[in-house]
Amino acid sequence: MLTTRPTGTNDFLPGESEKWQYIEQLCRQVCAEYGYQEIRLPIFEHTEAYLRSVGETSDIVEKEMYSFEDKGFRHMTLRPEGTAGTVRAFLENKLYANPQPTKLYYIGPMFRYDKPQAGRYRQFNQFGVEVFGADHAAIDAEVIALAVEIFRRLGLTGLTVKLNTVGCAQCRPSHMEELKIYFRQYEDKLCATCRDRLERNPLRILDCKEEGCKAVAKGAPTTIEAACDVCSAHFQKLQEYLDAIGVRYEIDTNLVRGLDYYTRTAFEIVIDSVGSAQNAIAGGGRYNGLLAQFGGDDLPGIGFAIGLERLLLTLKEQGIELPVSTAPAVYVAPLGESAQKEAFVLTQALREKGIYTEKDYLGKSLKAQMKAADRFHAKYTVILGDSELEKGMAIVREMTSGDQYEVQLNQLAEDLEGRLK
């Protein structure tokens with residue numbers, strides 16, 4: 001073999017790729033119903049976009065970004081997440097001049113150099129939404145509801161929204177000082193990464209997955225306790241809107257998310273997976289102030305992302321079979337060279353009517369072609385031989401029952417179209 005795929009990447013083969021198409025189409029359908037429009041972004045951006053937005057103390061910037069210098073000696077980075085690029089596109093293309101809010105979604109690959117594990121890869125795919133220009137808690141609730149609705153339509157169960165407020169530029173500084181004072185008492189119990197974060201960004205310690213850091217963080221001053229009146233009122237209003245539409249949620253005072261740009265609302269959607277552990281399958285929050293960091297007006301923003309590999313893994317864990325099929329409706333079985341041409345014409349006529357049709361191209365025997373039709377799980381097989389051509393007829397076999405009938409060739413396409421409807 002010449003080579004193998006790079007570590008942390010996947011090939012999605014036929015039979016699996018149809019599941020991706022189904023999920024992507026469902027996401028697009030729900031977004032259309034909520035008034036979100038698709039944006040397609042470059043695979044790479046200037047590295048500065050992520051340094052400004054994600055934050056220099058985030059794991060993405062410190063450890064995970066795929067960055068390179070191009071031939072013009074510019075620093076570029078394969079996108080590790082979708083928000084920064086969407087913000088850049090919103091400002092560069094002057095979408096702020098349109099009536100607000102602007103509601104966008106994206107689907108595509110992201111890249112992070114991380115240790116591959118189940119549902120987490122170095123090239124992975126995300127669906128995400130971003131809303132600019134609206135600060136009302138109702139938009140926060142709408143964004144969360146959109147994610148929950150996608151999972152509901154997929155049939156997932158055991159969903160819980162974890163919710164927190166992470167403050168703003170007014171109340172966060174004092175909270176950061178309180179966190180420094182608290183964590184300094186337990187510095188020897190923190191992991192090396194969190195000891196480094198202590199002075200630069202102690203809020204990130206709350207997000208650490210190390211057991212020792214998690215134990216210490218349980219007693220830390222919470223963002224809810226430190227929230228100013230405006231942040232508290234916004235958080236209370238968000239809960240009222242979620243209650244009004246029946247979205248189940250839990251307050252998690254240690255939820256801060258892994259990126260520096262979040263303000264006020266932070267949320268994750270977790271699901272009870274096999275083994276009773278809870279795994280996040282979506283996460284996001286509000287990022288007021290991020291557009292100003294990119295040089296634009298200080299418009300508010302909010303969004304979330306779903307990791308599609310992890311979503312597919314969760315569907316498998318819950319035993320959910322997506323309603324996808326790769327089976328042709330019709331298999332055309334020609335016998336002889338004359339029948340091959342007529343079968344080719346018929347196959348094209350059926351495809352032009354929107355009917356998925358396959359035919360034999362290898363000159364197999366009728367028995368072998370019938371086996372092929374079975375393997376394809378075709379609903380109907382059309383048999384064309386010399387005797388059928390002489391009569392201007394074809395034999396149609398209904399594969400489930402084995403019943404068959406004759407129909408005139410010039411009426412065959414319309415006959416099958418009617419039966420398949």
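- At least one side-chain heavy atom of Val30 sits under 4.5 Å from a side-chain heavy atom of Arg153.
- Between the side chain of Thr357 and the backbone N or O of Ile355 there is at least one donor-acceptor pair closer than 3.5 Å.
- Interatomic distance, OH of Tyr331 versus CD1 of Ile383, reported as 11.5 Å (0.5 Å rounding).
- The OH atom of Tyr36 sits 12.5 Å away from the OH atom of Tyr105 when rounded to the nearest 0.5 Å.
- Under a cut-off of 6.0 angstrom, the local environment of CD in Glu199 is crowded, with over 12 non-hydrogen atoms contributed by other residues, nucleotides or ligands.
- Summarising the local packing, OH of Tyr182 is surrounded by more than 12 heavy atoms from other residues, nucleotides or ligands at distances under 6.0 Å.
- Crowding of Glu210 atom CD: a count of heavy atoms from other residues, nucleotides or ligands under 6.0 Å not exceeding 12.
- Under a cut-off of 6.0 angstrom, the local environment of OH in Tyr22 is crowded, with over 12 non-hydrogen atoms contributed by other residues, nucleotides or ligands.
- Taking the centre of each ring, Tyr287 and Tyr262 stay at or above the 6.0 Å mark.
- Other residues, nucleotides and ligands contribute over 12 non-hydrogen atoms within 6.0 Å of the CG atom of Asp188.
- Around the NZ atom of Lys379, the shell of radius 6.0 Å holds no more than 12 heavy atoms that belong to other residues, nucleotides or ligands.
- Residues Asp297 and Leu291 are not in side-chain contact: their nearest non-hydrogen atoms beyond the backbone lie 4.5 Å or more apart.
- Val330 and Ala378 make their closest contact through C-CB, 4.4 Å (heavy atoms, listed as atom of the first residue, atom of the second, distance).
- Note that CD of Glu45 is 9.5 Å distant from OG1 of Thr77, once rounded to the nearest 0.5 Å.
- The CD atom of Glu268 sits 8.5 Å away from the NZ atom of Lys162 when rounded to the nearest 0.5 Å.
- Separating the OG1 atom in Thr9 from the CD atom in Gln123 is a distance of 6.5 Å, to the nearest 0.5 Å.
- Classified by interplanar angle (parallel below 30°, tilted 30° to 60°, perpendicular above 60°), the ring pair Phe304/Phe127 is perpendicular.
- Aromatic rings from His136 and Tyr241 are positioned such that their centres are separated by under 6.0 Å.
- Of all heavy-atom pairs between Phe294 and Ala49, the closest is CZ-O, 3.5 Å.
- Around NZ of Lys353, the count of heavy atoms belonging to other residues, nucleotides or ligands within 6.0 Å exceeds 12.
- Contact check for His175 versus Leu203: side-chain heavy atoms found under the 4.5 Å cut-off.
- The line from CD of Gln239 to CZ of Phe235 is 4.5 Å long, rounded to the nearest 0.5 Å.
- Counting heavy-atom neighbours within 6.0 Å of Lys180 NZ, excluding the residue itself, gives a total above 12.
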